[in-house]
Amino acid sequence: MLSWPAESIPPLPALHADLTAFDTGTGSVKPLNPGAEARMYVCGITPYDATHIGHAATYVLFDTIHRFWLATGHSVRYVQNVTDIDDPLLERAARDGVDWRELADFEIQRFRDDMVALRVLPPTHLVGAVESVDLAARRVMELRDAGAAYPVESDLYFSAESAARFGRVSHLTEPDMVTLSAERGGDPQRPGKRNPVDPLLWQAPRPGEPQWDSELGPGRPGWHIECASIALEFLGPAFDVQGGGRDLVFPHHEMSAAQGEVLEGWPFARAYIHAPMVSYEGSKMSKSLGNLVFVSRLRESGVDPMTIRLAILSQSYREDWPWSPELLDEAALRLSAWRGAFSRPTGPSSERAVEELTFALSDDLDTPRALAAVDAWAQEQRLRGGDDPGGPGLMSRAVDALLGIA
Ligand code: 5CA
Ligand code: ZN
């Protein structure tokens, strides 16, 4: 499907730095070491409601990786899916008496508009689950032929144990896997399964629900095989980063990796990077709980999207964090201080500050420290000024290219 418009990124002098980040799979901060072309897959939205701050924080995190790679001379092949057919979408459409396709189209466009406003660079390929049903069905048949699938009544399940490295993404105990699978779309209680955590690969038609024809018979693919087949199709195996929020570690990323291993070998991805959960009013911001702060609503109320982005960047991605209106106020102050400092004709030299900003990002995406480097330069500009005519321009181009703040 259509991605969203790209915007131009101001040129910077060549930066030499290697990005490190926390890989859930190995439990350590490690260099990502992509090739000339870096390849990243990030799990996209299920379009049944508007983009909230938690979603935005996830896409801003991966946008920071995207921008860092571009600034350090890589080309980037970035793939994001849209789960435009899934139970929650059908339930919401039924509740509101609208066609599920219309609901999805409306929310996908609202998401694009939010991403453009937040200056999130578009993925190279934005791929819908609906347009990938054939792709997924072919992969399900391959898994079946490899002996990694089995039927339960008319449905087909993936046997997680058929992947030798199953468990290497989340490192969870079996009881924890069962608990999480029940919470996140699985059906551990269903009789007839070999292992309670085994996920659906192909679901036979249910009354009143959409279905697609395939050589497997009518039905629709399971969630994990959708993402695994889109990633393998557009990126190939052993791509650099599998991303998404931390709520996707298990079962989603574990199962996609296991299916990928059976299909194309290990590793499915070379690193698994997870965004923290943003909470609000004491619990994880989630569509099912309804404790949401929407990006579109903030924009409509006149909030500069750059303050939303800066508020997100002020938080470390290594820990869950609570959203609060105060974060927006702080970001607004910072933004006006930066803009004031950038708009003067001369200022302190900024090479060192840009180096510090780059180094902070390369060091496990330390965005709070990156912002502090810009703060320090802006403070120097405010207190003492400087006579370097290139100082403010370089600083503002670096902030634009690396942090996405205009
Ligand atoms: N369509 C699936 C992924 S294939 C999905 O999880 N969709 S979603 O709409 O629920 O979430 C979209 C993205 O935002 C996912 O990467 C998810 O992990 C992330 N996300 C969801 N809630 C939060 C939150 N409260 N904080 C941070 N990230 C979140
Ligand atoms: Zn996904």
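Numbering of ligands and ligand atoms starts at 1, following listing order. Predicted, not measured: the structure shown is a model, and the values here were computed from it.
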Can you list the atoms of ligand 1 that are under 4.0 Å from a heavy atom of Asn81?
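Close to Asn81: 4 (S).
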Heavy-atom contacts with Gly244 under 4.0 Å: which atoms of ligand 1 show up? List them by number with element.
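Close to Gly244: 16 (O).
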Look at [atom] and find which of [options] reaches it with the closest heavy atom.
{"atom": "atom 26 (N) of ligand 1", "options": "Asp320, Thr46, Thr83, Val278", "answer": "Val278"}
{"atom": "atom 25 (N) of ligand 1", "options": "Arg184, Glu107, Met285", "answer": "Met285"}
{"atom": "atom 6 (O) of ligand 1", "options": "Val42, Leu289, Leu61, Leu248", "answer": "Leu248"}

Return the residue, atom name and 0.1 Å-rounded distance of the protein heavy atom closest to [atom].
{"atom": "atom 9 (O) of ligand 1", "result": "Lys287 NZ, 2.8 Å"}
{"atom": "atom 11 (O) of ligand 1", "result": "His55 CD2, 3.5 Å"}
{"atom": "atom 24 (C) of ligand 1", "result": "Gly54 CA, 3.6 Å"}
{"atom": "atom 2 (C) of ligand 1", "result": "Gly44 O, 3.3 Å"}
{"atom": "atom 28 (N) of ligand 1", "result": "Thr58 OG1, 2.8 Å"}
{"atom": "atom 13 (C) of ligand 1", "result": "Tyr59 OH, 3.1 Å"}
{"atom": "atom 18 (O) of ligand 1", "result": "Asp247 OD1, 2.6 Å"}
{"atom": "atom 4 (S) of ligand 1", "result": "Trp223 NE1, 3.1 Å"}

Verify, without hydrogens or angle tests, whether Ser214 (side chain) and Leu216 (backbone) share a donor-acceptor contact under 3.5 angstrom.
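The answer is yes, because a donor-acceptor pair under 3.5 Å joins these two groups.
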Using ring centroids (six-membered ring only for Trp), state whether Phe239 and Phe268 fall under 6.0 Å.
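Yes, close enough.
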Looking at ligand 1, is there an atom of it that comes within less than 4.0 Å of some heavy atom belonging to [X]?
{"X": "Pro276", "value": "yes"}
{"X": "His252", "value": "yes"}
{"X": "Cys227", "value": "yes"}
{"X": "His52", "value": "yes"}

I want to check something: taking the side chain as every heavy atom from C-beta on, are Glu264 and Glu142 in contact at a cut-off of under 4.5 Å?
no
Would you check if Val241 and Trp69 make a side-chain contact, meaning some heavy-atom pair closer than 4.5 Å?
yes
Using a strict 4.0 Å threshold on nitrogen-to-oxygen distance, state whether [X] and [Y] make a salt bridge.
{"X": "Arg220", "Y": "Asp87", "value": "yes"}
{"X": "Lys284", "Y": "Asp320", "value": "no"}
{"X": "Asp375", "Y": "Arg334", "value": "yes"}

At their closest point, which heavy atom of Asp63 faces which heavy atom of Arg309, and how far apart are they?
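Closest pair (atom of Asp63, atom of Arg309, distance): OD2-NH2, 2.8 Å.
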Ignoring waters, protein N/O/S atoms under 2.8 Å from the Zn ion (ligand 2) are Cys43 SG, Cys227 SG, His252 NE2
Show your working on ring-ring contact (aromatic ring centres under 6.0 Å, His included) between Phe166 and Phe158 and close with a plain yes or no.
CA-CA 12 Å; Phe166 176 69; Phe158 174 66; 7.9 Å; no
